[in-house]
S.K.: 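My structure is below; once you've seen it, I'll send some questions.
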Amino acid sequence: VKTAVLDYLNHAQQLQGQLDARERGEPASDLKRLVEELWLAEKGVEIICSQALRDRLVAHARGLHDVVRDPQTYPDWWARCADLQYDLLAEVKQELTHGRLE
């Protein structure tokens, strides 16, 4: 599960880097592909993790997807995703602390 979570976070970071570029007015490379890779990584975790972690993971992925699809509503992607990322990482830490992630 730890490996799958790290894979998901890696994909999220790639997407977030492109969202930062878009906010700076730079070209954002292939956001659609990055979202698809993020969702695939999310499913890789979802099928093997607890329900609590799954809920946080899905919320985070949806938040990122929202900002990619609707930059006018979410001009600052971090404002939309900061709490979602905090909640996700808190749940990952909780599960690591209680030995539920292996």
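Keep in mind that what you see is a predicted model, and the values were worked out from it rather than measured.
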S.K.: Scan side-chain atoms only and decide if W77 and D66 contain a donor-acceptor pair under the 3.5 Å cut-off.
M.R.: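 Looking only at side-chain atoms, D66 and W77 do not form any donor-acceptor pair under 3.5 Å.
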S.K.: Minimum heavy-atom separation for P75 to E23, with atom names?
M.R.: O-OE2, 3.2 Å
S.K.: Would you say the side-chain atoms of Y8 pair up with the backbone N or O of A61, donor to acceptor, closer than 3.5 Å?
M.R.: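 It does hold such a pair.
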S.K.: Where do H60 and C81 come nearest, in terms of heavy atoms and distance?
M.R.: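 The answer is CD2-O, 4.5 Å.
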S.K.: Of all the heavy-atom pairs spanning W78 and Q85, show the shortest one and how long it is.
M.R.: CZ3-OE1, 3.6 Å
S.K.: Please find the pair of heavy atoms, one from R56 and one from L88, that lie closest to each other, and give the distance.
M.R.: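 It is CB-CA, 3.9 Å.
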S.K.: Suppose we screen for side-chain hydrogen bond (donor to acceptor under 3.5 Å, both in side chains). Which residues come up paired with E26, at least two apart in sequence or across chains?
M.R.: R24
S.K.: Which heavy atom in G44 sits nearest to a heavy atom in A4, and how many Å separate them?
M.R.: O-CB, 4.1 Å
S.K.: Within the side chain of Q18, is there an N or O that forms a donor-acceptor pair under 3.5 Å with the backbone of L31?
M.R.: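 Absent.
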S.K.: Taking 4.0 angstrom as the limit, do E36 and R33 come out as a salt bridge?
M.R.: no
S.K.: Judged by modelled atom types alone, do D55 and Q51 share a side-chain donor-acceptor pair under 3.5 Å?
M.R.: yes
S.K.: Between L34 and Q14, which heavy-atom pair has the shortest distance, and what is it?
M.R.: CD2-OE1, 4.0 Å
S.K.: Hey, which of V58, I48, V92 is the one that makes side chain to side chain contact (heavy atoms under 4.5 Å, CB included) with L53?
M.R.: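 For L53, the side chain to side chain contact (heavy atoms under 4.5 Å, CB included) test succeeds with only one of V58, I48, V92, which is V92.
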S.K.: Is a donor on one side and an acceptor on the other found under 3.5 Å between the side chain of R54 and the backbone of I47?
M.R.: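 No: the side chain of R54 does not pair with the backbone of I47.
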